[in-house]
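Below is one structure, written out as structure tokens; comments come after it.
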Amino acid sequence: MKKVLSFGNRSRVIADLKRAKETNKISFENLRLASVLVPLIDGKEPKLLFTVRSRSLRHDRGQVSFPGGLKESEDYSPIHTALRETEEELGIPTGDIDVWG
């Protein structure tokens with residue numbers, strides 16, 4: 001069985017993402033920008049990593065989600081936002097994450 005998280009698949013996915021075209025233009029004027037990470041965990045079989053939001057939160061308590069959150073002023077890109085939030089929420093250092101796109 002071909003390894004899903006192999007270097008070859010990584011290269012193919014990155015190339016596909018670069019070729020993807022925007023189909024819908026969205027106005028960001030009244031939106032709060034946010035980003036999430038969709039973590040794939042390599043192993044015998046790849047797995048997705050989800051989080052469960054705390055029941056003590058005011059909004060979306062107890063929901064299953066990907067790590068991520070709102071853009072902060074120091075965030076220079078959506079990827080930076082997702083990585084920062086992942087480190088804050090899960091303690092995974094940004095240097096330990098291989099971003100595919």
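Not measured: the values here are computed from a predicted model.
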(request) State the CG-CG distance between L83 and D75, to the nearest 0.5 angstrom. (result) 9.5 Å
(request) Would you check if L37 and I92 make a side-chain contact, meaning some heavy-atom pair closer than 4.5 Å? (result) no
(request) Considering non-hydrogen atoms only, spot the tightest contact between K47 and E45 and give its length. (result) NZ-O, 3.4 Å
(message) Contact between T51 and P67 at the side-chain level, heavy atoms closer than 4.5 Å - yes or no?
(response) yes
(request) Enter the distance from S54:OG to E89:CD here, rounded to the nearest 0.5 Å. (result) 11.5 Å
(request) Could you name each residue pair satisfying ring-ring contact (aromatic ring centres under 6.0 Å, His included) that touches residues 75-94, not counting sequence neighbours? (result) Y76-H80
(message) Looking at every heavy atom in both V99 and R10, which two are closest together, and how far apart are they?
(response) O-NH2, 3.4 Å
(message) Is any side-chain heavy atom of L48 closer than 4.5 Å to one of V38?
(response) yes
(message) Quick check on the hydrophobic clustering: are I41 and W100 connected, directly or via other members, by side-chain heavy-atom contacts under 4.5 Å?
(response) no
(request) State the OG1-CZ distance between T94 and R84, to the nearest 0.5 angstrom. (result) 11.5 Å
(request) Taking the side chain as every heavy atom from C-beta outward, state whether L49 and L90 have any pair of such atoms under 4.5 Å apart. (result) yes
(request) Please check if the side chain of R53 supplies one atom and the backbone of H59 the other of a donor-acceptor pair under 3.5 Å. (result) yes
(message) If I compare all heavy atoms of L70 with all of E85, which pair ends up nearest, and what's the gap?
(response) O-OE2, 3.8 Å
